[in-house]
Peer 1: 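Take a look at the following structure, please.
Throughout, residue positions are numbered sequentially from 1 according to the sequence presented.
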Amino acid sequence: MSTTRHAQAPRHTSESRHTGLVPRALPRAVLPAASGAFLVLATVGLLAWPARQGLFAAAAGGTAGSALAGFAGLVADRGLLVLLGVTAGLALYTWRRDRPGFRLLVAAGAGTVVAYATSELVKAIVTEERPCRVVDVAAVLPCPAAGDWSWPSNHSTVAGALAVACVLVAPRLWPVAVPLALAVAGARVAAGVHYVHDVASGLALAVLVTCSVTAVVVRLATHLGAAPAARAEPLRPRSTGRRSRAARRTTGT
């Protein structure tokens, strides 16, 4: 009896070690919600593009001389730090109390990195000039240096990706994370450094890439974690209902 228990202990430890690497599954509502958000944001971007200069002039010009100028500049320049703080707080909480949720947040973090890299690649290919260099309107923030292209907005992409990561792990945070991401995106237009279609496209890109990468990472981690556990399962002898020839010879029957 003691020998059998000793032999089974390593199998149980190995199985726990591998399954302990598996992140929490994505919420069931994530696919329809993400698809709807992507379609809405992409549509806004497409509709805003033909009227991009007029929309920019109305938003940036109306903000520069108003009492909201300082607030818009602060949100546009520093608002992303607030989202980073929310994400960091969620990471600390899940690390201490919900390890599968923490691993899901890490997977979403990988999606955030890929979304940002994709945004940078698209900017380098499209090379759209900043609106503050094209439209003669006073802006709250200084115009970025030449070669720092406009479409899509990196700030909006990162803000959207962080919001998606938080909502995937803690859906109840959406009233905080989503408005923050929208505020950062809107402030980039109001402060005079992006068109409306820049920020809408950045948010759409964030939703698409972050959700896709997170789903792939979770699937791979689940597969890799389940495979060692499956191999560790003991083989069960098949019961045929007949005694073998060797058994009959031994018993003499």
Side-chain angles (χ1 to χ4, degrees), residues 37-87 112 115-164 166 174-210:
F38 171 76
L39 290 175
V40 170
L41 292 167
T43 301
V44 171
L46 287 173
L47 294 177
W49 185 79
R52 59 192 180 279
Q53 293 189 10
L55 291 173
F56 172 77
T63 303
S66 72
L68 295 176
F71 179 73
L74 180 65
V75 175
D77 194 34
R78 303 293 181 183
L80 201 56
L81 296 177
V82 179
L83 261 173
L84 283 171
V86 173
T87 308
T112 300
Y116 171 75
T118 304
S119 174
E120 282 286 358
L121 178 62
V122 173
K123 286 167 76 80
I125 294 174
V126 176
T127 65
E128 181 185 50
E129 194 62 82
R130 293 274 183 167
C132 45
R133 296 184 179 280
V134 177
V135 184
D136 187 15
V137 174
V140 174
L141 292 180
C143 196
D148 188 349
W149 308 112
S150 190
W151 187 86
S153 165
N154 280 343
H155 277 74
S156 301
T157 300
V158 175
L162 290 175
V164 168
C166 290
W174 79 262
V176 176
V178 173
L180 276 174
L182 293 175
V184 171
R188 298 298 290 175
V189 179
V193 291
H194 275 295
Y195 291 113
V196 173
H197 73 278
D198 294 341
V199 300
S201 300
L203 292 172
L205 179 67
V207 173
L208 177 64
V209 175
T210 306

Peer 1: Indicate the atoms forming the closest heavy-atom contact of Ala48 with Val196, along with that distance.
Peer 2: CB-CG1, 3.8 Å

Peer 1: According to side-chain contact (heavy atoms from CB on, under 4.5 Å), who are the partners of Val82, at least two apart in sequence or on a separate chain?
Peer 2: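 For Val82 the side-chain contact (heavy atoms from CB on, under 4.5 Å) partners, ignoring immediate neighbours, are Leu180.
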
Peer 1: Between Arg188 and Asp198, is the side chain to side chain contact (heavy atoms under 4.5 Å, CB included) condition met? List the steps.
Peer 2: CA-CA 9 Å; Arg188 298 298 290 175; Asp198 294 341; over 6 Å; no

Peer 1: If you take all heavy atoms of Pro152 and Ser119, which pair is closest and at what distance?
Peer 2: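 In this case the closest contact between Pro152 and Ser119 is CG-OG, 3.6 Å.
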
Peer 1: Do Ile125 and Val122 come within less than 4.5 Å of each other through their side chains, counting heavy atoms only?
Peer 2: no

Peer 1: The criterion is side-chain hydrogen bond (donor to acceptor under 3.5 Å, both in side chains); which residues satisfy it with Asp77, sequence neighbours excluded?
Peer 2: none

Peer 1: Is there side-chain contact between Pro144 and Ser150, with at least one heavy-atom pair below 4.5 Å?
Peer 2: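 Not touching, per the 4.5 Å side-chain cut-off.
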
Peer 1: Determine the minimum heavy-atom distance between Phe56 and Val193, stating which atoms define it.
Peer 2: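 Result for this residue pair: CE1-N, 4.2 Å.
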
Peer 1: Work out which heavy atom in Ala115 is nearest to a heavy atom in Thr210; give both atom names and the distance.
Peer 2: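 Heavy atoms of Ala115 and Thr210 come nearest at CB-OG1, 4.0 Å.
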
Peer 1: Measure across Ala191 and Ala72 and return the closest heavy-atom pair with its distance rounded to 0.1 Å.
Peer 2: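 Closest heavy-atom pair between Ala191 and Ala72: CB-O, 4.3 Å.
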
Peer 1: How far does CG of Leu46 sit from NE2 of His197, to the nearest 0.5 angstrom?
Peer 2: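 Nearest 0.5 Å value for the CG-NE2 distance: 10.0 Å.
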
Peer 1: The criterion is side-chain hydrogen bond (donor to acceptor under 3.5 Å, both in side chains); which residues satisfy it with Trp151, sequence neighbours excluded?
Peer 2: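 Scan of Trp151 (side-chain hydrogen bond (donor to acceptor under 3.5 Å, both in side chains), adjacent residues dropped) gives Ser201.
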
Peer 1: For Ser156, what residues pass the side-chain hydrogen bond (donor to acceptor under 3.5 Å, both in side chains) criterion, not counting sequence neighbours?
Peer 2: Ser153

Peer 1: Which pairs count as side-chain hydrogen bond (donor to acceptor under 3.5 Å, both in side chains) when at least one residue sits in residues 38-66, sequence neighbours excluded?
Peer 2: none

Peer 1: Please list all pairs meeting salt bridge (Lys or Arg N to Asp or Glu O under 4.0 Å) that have one or both residues in residues 131-143, counting only residues at least two apart or in different chains.
Peer 2: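 Salt bridge (Lys or Arg N to Asp or Glu O under 4.0 Å) check on residues 131-143 returns Glu129-Arg133.
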
Peer 1: Can you tell me how far apart CG (Leu203) and CG (Leu41) are? Round to the nearest 0.5 Å.
Peer 2: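 One gets 5.5 Å once the value is rounded to the nearest 0.5 Å.
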
Peer 1: Which pair of heavy atoms, one from Ala185 and one from Val199, lies closest together, and at what distance?
Peer 2: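 For Ala185 versus Val199, the nearest heavy atoms are O-CG1, 3.3 Å.
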
Peer 1: Rounded to the nearest 0.5 Å, what separation is found between the CG atom of Asp148 and the OG1 atom of Thr127?
Peer 2: 12.5 Å

